[in-house]
Amino acid sequence: MTKSIVNAIRTVPDLREHLAARRADGSSVGFVPTMGALHAGHCALIEAAAASHGEVVVSIFVNPTQFEDAADLERYPRTEQADIEMAIAAGASVCFIPTVDEIYPRGAATTVSVSGGLSNRLEGAERGSSHFDGVATVVTVLLNICQPDAAYFGEKDAQQLLVVRRFVTDLQIPTKIVAVPTVRSADGLALSSRNQRLSDQETVQALAIARALAAAAEAISDGTAGSPEEAETTGRAILDDAGIACEYFEVTSPDTLARAERLDGELLISCAARVGDVRLIDNTTVVANPTREAATARS
Ligand code: PAF
């Protein structure tokens, strides 16, 4: 079946009409929500969606309710024409580019909020828990508008992925949530729309984030670190050496984000740091050395 390509749709009724026709043709719908400034990481999400669905909707919407800092919202890169071209080249069938009024036509009186550590720790603690309320609310609205069979999210935003999985389960939203691995530059920097704001020197500095995560993960897997704190100290030292201001560097449960009390099983290591005035996040997972665990248990 030939794929019909409509570059941009801006209103909810137009998108619904377009998708109704595509569903009537037998296409399933994959959805990739974005805030624009697309890069290869977004393309990996779009390509994953295109591999499984006849119709792929990419939303481009800089959601004001998930920014606590007005200056951060103002500075967020906006590159609409380049985004449309990149999305279509990666396999999108249509870009949904609504205005703020289209998404919140009567203002934002209703909030979807996931309570507890999933929203309050790490990013929630640094940015304010209303950040994830903003994300959960806009993703719910977008899923209701699109009603996709599956929606695609990057593992770079591991906490966002957990929050989304939780409210989709709790609200019984019939969309499958698919996680796509983080895409990195050749030298390891996790791709992010914010990287555009790094100078050349800051880009080199920012590489220390992936190095710090890798070193902490290695210290856990090879048994050099005897506790989560020791692994965190290893990572923080690398950020300090690179002159990067660390906001958090934490070893946690990958499911609940509770702070790890011991090195046991699968762990998530998450980091947020400021390079100049650009705030970056990254994470990695690691399995604590099973041999050492067994030895510790026996002693
Ligand atoms: O990850 C993002 O770009 C945003 O948080 C999302 C999921 C598009 C919601 O605005």
Side-chain angles (χ1 to χ4, degrees), residues 8-12 14-16 30-39 41-42 45-46 49 56-80 82-84 86-87 92 94-114 118-120 122-148 151-168 171 173 175 177 180 191-197 272 278-281:
I9 289 182
R10 294 179 192 273
T11 70
V12 175
D14 285 354
L15 183 66
R16 288 207 159 128
F31 176 53
V32 181
T34 81
M35 297 205 296
L38 300 193
H39 50 66
H42 296 108
L45 302 178
I46 298 166
V56 175
V57 181
V58 174
S59 64
I60 299 174
F61 178 65
V62 182
N63 174 35
T65 68
Q66 70 189 75
F67 288 82
E68 287 72 33
D69 180 356
D72 199 23
L73 172 62
E74 188 62 33
R75 279 195 304 253
Y76 205 85
R78 286 157 170 92
T79 53
E80 184 181 300
D83 289 345
I84 295 173
M86 198 181 277
V94 62
C95 292
F96 176 50
I97 313 179
T99 60
V100 172
D101 282 349
E102 195 69 21
I103 294 297
Y104 303 112
R106 282 162 292 281
T110 302
T111 300
V112 177
S113 184
V114 175
L118 285 189
S119 291
N120 296 339
L122 305 177
E123 284 302 283
E126 291 295 328
R127 303 182 62 164
S129 59
S130 64
H131 166 66
F132 285 115
D133 292 353
V135 171
T137 304
V138 80
V139 174
T140 304
V141 171
L142 291 167
L143 292 177
N144 282 337
I145 291 169
C146 250
Q147 305 190 1
Y152 292 73
F153 292 84
E155 286 178 352
K156 184 176 90 62
D157 296 304
Q159 186 169 6
Q160 169 170 282
L161 183 59
L162 285 169
V163 168
V164 169
R165 284 196 191 287
R166 182 61 199 252
F167 74 73
V168 163
L171 300 179
I173 296 175
T175 295
I177 302 302
V180 177
L191 298 194
S192 160
S193 304
R194 291 167 191 262
N195 294 355
Q196 290 183 15
R197 291 177 38 228
V278 184
R279 186 173 186 280
L280 299 175
I281 62 170

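- When the shell of 6.0 Å around CZ of R194 is examined, it contains more than 12 heavy atoms from other residues, nucleotides or ligands.
- The two residues T175 and P148 have their closest heavy-atom pair at OG1-O, 2.9 Å.
- Here R279 does not pair with E68 in a salt bridge; the nearest charged N to carboxylate O distance is not below 4.0 Å.
- In this structure, S59 and L142 approach most closely via the heavy-atom pair OG-CD1, 3.9 Å.
- Residues satisfying the ring pair (Phe, Tyr, Trp, His ring centres under 6.0 Å) test with F61, not counting sequence neighbours, are none.
- For N120, the side chain to side chain contact (heavy atoms under 4.5 Å, CB included) test picks out S129, with sequence neighbours left out.
- Using a 4.5 Å cut-off on side-chain heavy atoms (C-beta onward), E126 and I281 make no contact.
- Residues N63 and Y104 have side chains that bring a donor and an acceptor to within less than 3.5 angstrom of each other.
- Proximity of V58 to L45: side-chain heavy atoms (C-beta onward) are nowhere separated by under 4.5 Å.
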Verdict with supporting geometry, R166 and F132, side-chain contact (heavy atoms from CB on, under 4.5 Å):
CA-CA 12 Å; R166 182 61 199 252; F132 285 115; over 6 Å; no
Applying side-chain contact (heavy atoms from CB on, under 4.5 Å) to I177 and F153, what does each step give before you reach the verdict?
CA-CA 7 Å; I177 302 302; F153 292 84; 3.9 Å; yes
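- Side-chain atoms of I173 and F167, non-hydrogen and from C-beta on, do get closer than 4.5 Å to each other.
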Only pairs under 3.5 Å count here: list side-chain donor-acceptor contacts from residues 154-162, not counting sequence neighbours, and write none if there are none.
from : atom 1 : to   : atom 2 : distance (Å)
Q159 : OE1    : E123 : N      : 3.0
Q159 : NE2    : L118 : O      : 2.8
Q159 : NE2    : R121 : O      : 2.9

